[in-house]
Peer 1: 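There's a structure below that I have some questions on.
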Amino acid sequence: MVRAESVYLSGRAERISGIPDSERHAAVVRITHWINALSFFGLLVSGFAILLAHPRFYWGEAGAVGTPSLLDLPLPFMKGGPSGWGRNLHFLSAWVGVLNGCLYVLSGILTRHFRRDLLPSKADLGWGSISRVVSGHLRFERPGVETSLAYDVLQRLTYLAVVFVLLPVMIWTGFAMAPAIVSAFPALVTVLGGQQSARTIHFFASDLLVLFLLVHLTMVSLAGFRNRVRAMITGRGAARVEHT
Ligand code: HEM
């Protein structure tokens, strides 16, 4: 594995000589990643528009103005506001995201991408290895050059949590709020404690995804935004160091 000093400087990026450009991300990962980013943006904007119709959260089956709430967001109620187009865009983006996600997961299993690139090795899961990576992140160290060739252990665990925990929770709780789906599979909502519980879990899971996105973009920027995004677009990348 290639090692280089991590330097926390922005500017010109230079290839490390002797390390050729290599296939960094497969086409299916790149295409599904950018479709996912688009659908996520659509979901975020439309989700906020829907939220404005009733910015309060409850637990259980029912909840309304005048009944006790779990959380009141400091936002105005906008009845008859943007929630009409919001719902249409939300359903469209959600279905694009679900179908695209199924393609990503299926191909990740068939091509062994998850096993090879996302599943951490036993050695990487050791306390020493994890604490080294965590302390580097806490000191806002620029990610080492080795992470332009393979994900570090925290990236792997985070991506796995997003793909196999947070996104499935979003889909499940989203389905649990859809009357047509719930009438066919009532257990989807009853195990969660009711429709309002599903809505509340949906909201908190979406907050975690927004937090992930902020950290994701910060880490990509620290690692060298142009190089990493270029590799996610063209598929090819090489180990690089950055100079002022
Ligand atoms: C405009 C927004 C985004 C940008 C610029 C971006 C950029 C990137 C880049 C450059 C990588 C490769 C990281 C590396 O090589 O170290 C990556 C990977 C990844 N991103 Fe994003 N991303 C964006 C939005 C999102 C969103 C919204 C999600 C999910 C909710 C997401 C989930 C992932 C995942 C799971 C991977 C790993 C993919 C794999 O290898 O299977 N990204 N992203």
Side-chain angles (χ1 to χ4, degrees), residues 1-2 4 6 13 15 19 21-48 90 93-94 96-120 124 133 136-137 141-171 173-174 202 204-242:
M1 183 154 287
V2 187
S6 284
R15 252 178 71 183
I19 302 175
D21 265 13
S22 56
E23 177 78 21
R24 179 69 184 92
H25 303 289
V28 66
V29 170
R30 289 180 273 135
I31 294 168
T32 53
H33 176 271
W34 293 120
I35 292 179
N36 174 62
L38 267 181
S39 103
F40 189 82
F41 184 67
L43 285 166
L44 210 60
V45 173
S46 54
F48 189 71
H90 209 67
S93 310
V96 170
V98 167
L99 296 177
N100 181 62
C102 289
L103 177 64
Y104 167 75
V105 168
L106 199 68
S107 84
I109 294 169
L110 293 179
T111 61
R112 301 171 71 84
H113 166 60
F114 295 139
R115 182 176 284 265
R116 198 182 49 239
D117 303 318
L118 292 191
L119 213 63
D124 279 346
V133 177
H137 284 310
E141 253 175 30
R142 179 184 290 282
V145 74
E146 65 275 13
T147 64
S148 63
L149 301 173
Y151 298 136
D152 72 27
V153 61
L154 272 198
Q155 261 179 307
R156 287 170 187 246
L157 292 175
T158 310
Y159 292 154
L160 285 176
V162 166
V163 171
F164 292 106
V165 181
L166 275 184
L167 291 175
V169 165
M170 290 303 292
I171 295 170
T173 50
H202 197 73
F204 280 110
S206 70
D207 291 346
L208 288 178
L209 279 173
V210 170
L211 183 66
F212 158 77
L213 183 61
L214 294 178
V215 175
H216 186 49
L217 294 180
T218 307
M219 295 314 294
V220 169
S221 302
L222 280 179
F225 192 83
R226 281 177 57 182
N227 292 325
R228 295 295 169 106
V229 170
R230 189 184 67 109
M232 204 26 131
I233 294 171
T234 65
R236 301 195 72 74
R240 281 161 201 273
V241 276
E242 303 230 347

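Residue numbers count from 1 along this sequence. One-based numbering, in listed order, for ligands and for the atoms of each. Because only heavy atoms are used, hydrogens play no part in the values below, and waters and symmetry mates are left out as well, while side chains stay in. Worth saying up front: this structure is predicted, and the values here are computed from it rather than measured.
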Peer 1: Is any side-chain heavy atom of V29 less than 4.5 Å from a side-chain heavy atom of M232?
Peer 2: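 Contact flag for V29/M232 side chains = yes.
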
Peer 1: Does even one non-hydrogen atom of N36 get within less than 4.0 Å of ligand 1?
Peer 2: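 Judged by the 4.0 Å heavy-atom criterion, N36 does count as contacting ligand 1.
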
Peer 1: Under 4.0 Å from a heavy atom of R24: give me the atoms of ligand 1 that qualify, with their elements.
Peer 2: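 That gives atoms 15 (O) of ligand 1.
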
Peer 1: Please determine if H113 has a nitrogen or oxygen closer than 3.5 Å to a nitrogen or oxygen of ligand 1.
Peer 2: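 Yes - when backbone and side-chain N and O of H113 are compared with those of ligand 1, one distance drops under 3.5 Å.
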
Peer 1: Quick check: closest heavy atoms across H25 and R30, and the distance to 0.1 Å?
Peer 2: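 Heavy atoms of H25 and R30 come nearest at O-NE, 2.9 Å.
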
Peer 1: For Y104, counting its heavy atoms only, list the atoms of ligand 1 lying under 4.0 Å from any of them.
Peer 2: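 So the atoms of ligand 1 that pass are 38 (C), 39 (C), 41 (O).
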
Peer 1: Backbone N or O of M170 within a donor-acceptor pair of the H202 side chain at under 3.5 Å?
Peer 2: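 Between the backbone of M170 and the side chain of H202 there is a qualifying donor-acceptor contact (under 3.5 Å).
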
Peer 1: Begin with the C-alpha distance, continue with both residues' side-chain angles, and end with the deciding distance and a verdict on side-chain contact (heavy atoms from CB on, under 4.5 Å) for M219 and R228.
Peer 2: CA-CA 10 Å; M219 295 314 294; R228 295 295 169 106; over 6 Å; no

Peer 1: Is it the case that the ring center of Y104 lies less than 6.0 angstrom away from the ring center of F114?
Peer 2: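 Yes: the rings meet the under 6.0 Å criterion.
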
Peer 1: I'd like to know whether CZ of F41 has more than 12 heavy-atom contacts from other residues, nucleotides or ligands below 6.0 angstrom.
Peer 2: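 Atom CZ in F41 is not packed in, count stays at 12 or less.
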
Peer 1: Could you list the atoms of ligand 1 found under 4.0 angstrom from a heavy atom of F40?
Peer 2: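 Contacts of ligand 1 toward F40, numbered from 1: 27 (C), 30 (C).
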
Peer 1: Out of all atoms in ligand 1, which are within 4.0 Å of some heavy atom of L213? Include the element for each.
Peer 2: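 Taking each heavy atom of L213 in turn, ligand 1 has 24 (C), 25 (C), 26 (C), 27 (C) under 4.0 Å.
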
Peer 1: Does ligand 1 have an atom under 4.0 Å from some heavy atom of Y151?
Peer 2: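 Yes, Y151 has a heavy atom closer than 4.0 Å to ligand 1.
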
Peer 1: Work out the angle at atom 21 (Fe) of ligand 1 between NE2 of H33 and NE2 of H216, rounded to 10°.
Peer 2: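 It rounds to 170°.
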
Peer 1: Quick check for you: to the nearest 0.5 Å, what is the distance between H33 atom NE2 and I233 atom CD1?
Peer 2: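 Result: 10.0 Å between the selected atoms.
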
Peer 1: Is ligand 1 less than 4.0 angstrom away from at least one heavy atom of F41?
Peer 2: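 False for this residue.
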
Peer 1: How does R228 reach ligand 1, by side chain, by backbone, by both or by neither, if only non-hydrogen atoms under 4.0 Å count?
Peer 2: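 Both parts.
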
Peer 1: Do W34 and ligand 1 have an N or O pair less than 3.5 Å apart?
Peer 2: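 In fact, backbone or side chain, W34 has no N or O that close.
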
Peer 1: Which atoms of ligand 1 have any heavy atom of F212 under 4.0 Å away?
Peer 2: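 Near F212, the atoms of ligand 1 are 28 (C), 29 (C), 31 (C), 32 (C).
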
Peer 1: Quick test of your reading of the structure: of R230, R30, R156, H25, whose heavy atom lies closest to atom 15 (O) of ligand 1?
Peer 2: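 Nearest option to atom 15 (O) of ligand 1, by heavy atoms: H25.
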
Peer 1: What atoms of ligand 1 come closer than 4.0 angstrom to any heavy atom of V29?
Peer 2: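 Every atom of ligand 1 under 4.0 Å from some heavy atom of V29: 39 (C), 40 (O), 41 (O).
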
Peer 1: For the residue pair Y159 and H216, is the inter-centroid distance of their aromatic rings smaller than 6.0 Å?
Peer 2: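 That pair passes the under 6.0 Å test.
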
Peer 1: Would you kindly specify which portion of D117 sits under 4.0 Å from ligand 1, judged on non-hydrogen atoms: side chain, backbone, both or neither?
Peer 2: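 Looking at D117 and ligand 1, no heavy atom falls under 4.0 Å.
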
Peer 1: Any non-hydrogen atom of L166 lying under 4.0 Å from ligand 1?
Peer 2: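 No heavy atom of L166 comes that close to ligand 1.
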
Peer 1: I want to check a possible cation-pi pair here: R116 against Y151, using under 6.0 Å from ring centre and within 45° of the ring axis as the test.
Peer 2: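 No; the conditions do not both hold, so R116 does not lie above the ring face of Y151.
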
Peer 1: Verify, without hydrogens or angle tests, whether S93 (side chain) and H90 (backbone) share a donor-acceptor contact under 3.5 angstrom.
Peer 2: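 Not confirmed, S93 side chain does not pair with H90 backbone.
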
Peer 1: Apply side-chain contact (heavy atoms from CB on, under 4.5 Å) to residues L213 and L209 and explain how you reach the verdict.
Peer 2: CA-CA 6 Å; L213 183 61; L209 279 173; over 6 Å; no

Peer 1: Under 4.0 angstrom from ligand 1, any heavy atom of Q155?
Peer 2: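 Contact check Q155 vs ligand 1: positive.
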
Peer 1: Heavy atom under 4.0 Å from ligand 1: found in L217's side chain, backbone, both, or neither?
Peer 2: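 The answer is the side chain of L217.
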
